[in-house]
Structures are given as structure tokens and as C-alpha cells.
Amino acid sequence: MDETMETKLPAAAEETAQWQVRASACELLALSLRYPDEGLREVVVSGEWADAAREIWSVLGKELPADWAEGVEGVDFHDLRADATRLFVGTPKAVCSPYESFWRAEDDGVQPLMFINPHAMEVERFCKDCGLAQSREADANDPLDHIATEFELLEYLASIEAGIAEIPEHGRQPQEYPGGSAHAAYDSFVNEHLRTFASRFADKLEAEARTAYYRAVAQLLRAYLA
């Protein structure tokens, strides 16, 4: 075998493995930031959630505080849902909006409007450009710029780059994605969308959360963005 090929193969394998881990991290963050259901409660109380996060973030080289998950296993499901409702839904206003467009509208000094705003429309267009516009029928009434949905998109792109996800029938090929590859689309979305608000969202979430779980999620998100 050619010596150049011998040196390139391990590097390629390492890069593929890193994309697999990124996909796992995005999957966990998407799960963590969705409105909590019984399935989430079970993995949190069992310790599986924290164990998975520690392992994934360690492989990514992301440092978590030693006590970041202290108290999460004892979370009460009623308290968890109550905290999620207050933080992400709120009446009349969410304490910590999970929508990119709310944060960016504030930056622009305009009234945030769900769906009908340039930032939410940009996210929807980006999803369409990646062939994912019609993939979420169950959440059709939920704007695509929800932070959990953005992590679902990033999970998909990382999985495509790692070669562990199948492109949907009649879906777009990676060379048709923004930037011409799943890798380029991933980087573009992180820089043009996620990084515009996610750090501030994490800070607000940690400051306002009443449960140990959401304080831990905030620290997990902040470490991922570091």
C-alpha cells in the first residue's frame, strides 16, 4: 500500500468517528431541550442521561464541571414539566424562549413574531435546502427555529457526514446542501444560526431554571458551544 494512503486512512477514520460523536451530542441536546416526556424522565432518573453526556463530551474534548449533574437523578416529573412550561412556554411570555427568532428579533429591536419573521424563514429555507422541509409532520405547528429542532438538523447533517444516516427517498444529496457538503452545511448553520443566540440562551436557562436538570442542560449546552 502507498505510504501516503497509509497515513490518510487513520485520519479519515478519526474524522468519521468525530462526526459520529457530534451526531450523538446533537441528538442528546435535542432530546434534552424538547418538552419533557416520561421517556426523558426515565433516562434522567436512571442516570443514563448524565452518563451518556459525560462519555460523549469527554470524547469531544469538552470539559464539564465536576458537579454539573448534581441532583438531576432526583428530579420530580411534575417539577420538571412545570419548569419546562415556565421556561419555554410561559404565560404570557416564556422566561427563556427556545426560538432563535425571539433572540434575534430582540437584537434587531423589533417585535418577535413566530413563523413570519426573517430568521425563522431562513431556518426553514436552510432545512429545505438540506431536503428536510417535510420531515416533521407531528410538529408541523412548531416553528423550525426551536433550538431542539436546530439540533435535530445538526444531528442529521453530522450523521450524513459520518455515513451513518440514510438520505430520505427523493431527498437531496450532500453536494446539493448549502456549501456543497454535509460538513459545510453543518458549519454554516452553527455559525449563522446556533451561535447567534445559543450561548445567551444557555446563560438565561441556567440563571432562571428551578430544577437541577435544566441547570445541567444549560451547562451541557455551554460546554458544547465552547
Side-chain angles (χ1 to χ4, degrees), residues 22-23 25-37 40 83-161 165 168 171-172 176-179 182-209 214 217-218 220-222 224-226:
R22 287 190 189 102
C26 291
E27 180 183 20
L28 186 63
L29 284 167
L31 170 69
S32 302
L33 291 163
R34 279 279 171 222
Y35 193 77
D37 59 15
L40 175 65
D83 207 15
T85 300
R86 185 182 63 88
L87 289 165
F88 305 140
V89 182
T91 303
K93 181 180 177 181
V95 171
C96 184
S97 175
Y99 297 101
E100 175 188 334
S101 54
F102 273 74
W103 293 86
R104 299 188 68 181
E106 188 174 272
D107 294 340
D108 297 338
V110 298
Q111 180 69 27
L113 298 172
M114 296 179 75
F115 294 105
I116 310 173
N117 67 79
H119 304 300
M121 292 172 70
E122 284 172 11
V123 173
E124 182 175 355
R125 185 160 49 248
F126 199 101
C127 290
K128 286 182 179 179
D129 289 343
C130 294
L132 297 176
Q134 306 301 323
S135 65
R136 298 171 54 256
E137 293 180 5
D139 295 323
N141 294 322
D142 194 14
L144 295 176
D145 64 326
H146 190 292
I147 190 169
T149 305
E150 294 196 348
F151 273 113
E152 288 173 1
L153 169 63
L154 292 172
E155 176 197 351
Y156 176 76
L157 293 172
S159 297
I160 292 293
E161 185 66 24
R172 296 196 176 200
E176 299 177 278
Y177 297 170
H183 183 162
Y186 180 100
D187 288 346
S188 176
F189 193 85
V190 167
N191 292 324
E192 295 175 14
H193 292 280
L194 190 68
R195 288 195 182 279
T196 65
F197 78 103
S199 291
R200 290 178 291 163
F201 169 84
D203 291 344
K204 183 77 169 176
L205 180 60
E206 184 172 18
E208 298 289 349
Y214 280 115
V217 171
L220 198 63
L221 174 57
R222 188 182 298 111
Y224 183 81
L225 296 167

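These figures come from a predicted structure and were not determined experimentally.
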For Leu225 and Ala198, which heavy atoms make the closest approach, and how far apart are they?
CD1-CB, 3.6 Å

Taking the six-membered ring for Trp, are Phe102 and Tyr99 parallel (under 30°), tilted (30 to 60°) or perpendicular (over 60°)?
tilted

Could you check whether atom CD of Glu176 has more than 12 heavy atoms from other residues, nucleotides or ligands sitting under 6.0 Å from it?
yes

With sequence neighbours left out, what residues match His119 under ring-ring contact (aromatic ring centres under 6.0 Å, His included)?
none

Are side-chain N/O atoms of Ser32 and Tyr214 paired as donor and acceptor at under 3.5 Å?
no

Value rounded to 0.5 Å, distance of CD in Glu100 from CD in Glu150:
4.5 Å

Measuring from atom NE2 of His193 to atom CG of Asp145, what distance do you get when rounded to the nearest 0.5 angstrom?
9.5 Å

Minimum-distance pair of heavy atoms, taken over all atoms of Glu155 and Ala23:
CG-O, 3.5 Å

Looking at every heavy atom in both Tyr186 and Arg22, which two are closest together, and how far apart are they?
OH-CD, 3.9 Å

Can you find a heavy atom in the side chain of Leu205 that is under 4.5 Å from one in the side chain of Val95?
no

Taken to the nearest 0.5 Å, the spacing of Leu153 CG from Cys130 SG works out to 5.5 Å

Side chain to side chain contact (heavy atoms under 4.5 Å, CB included) involving Ala165 - partner list, sequence neighbours excluded
Ser159, Ile160

Can you tell me how the ring of Phe88 sits relative to the ring of Phe201, calling it parallel under 30°, perpendicular over 60° and tilted otherwise?
parallel

Atom pair CD/CG of Glu124 and Leu132 - distance to nearest 0.5 Å:
12.0 Å

Are the side chains of Cys96 and Trp103 in contact, using a 4.5 Å heavy-atom criterion?
yes

Is there a side-chain contact between Tyr156 and Cys26 in this structure, where contact means two heavy atoms from C-beta onward sitting under 4.5 Å apart?
no

Distance col, row Thr149:OG1 vs Leu33:CG, nearest 0.5 angstrom, shows 10.0 Å

Can you confirm whether Leu29 sits close enough to Leu154 that some side-chain heavy atom of one is under 4.5 Å from a side-chain heavy atom of the other?
no

Filter on salt bridge (Lys or Arg N to Asp or Glu O under 4.0 Å), then keep only pairs touching residues 199-209, sequence neighbours left out; what's left?
Asp107-Arg200, Asp203-Arg222, Lys204-Glu208, Glu206-Arg222

Check whether any side-chain heavy atom of Leu31 sits under 4.5 Å from a side-chain heavy atom of Phe151, and report yes or no.
no

Would you please test Asn117 and Val110 for side-chain contact (heavy atoms from CB on, under 4.5 Å) and show each step?
CA-CA 10 Å; Asn117 67 79; Val110 298; over 6 Å; no

Rounding to 0.5 Å, atoms CD (Glu152) and CZ (Arg34) come to a distance of 4.5 Å

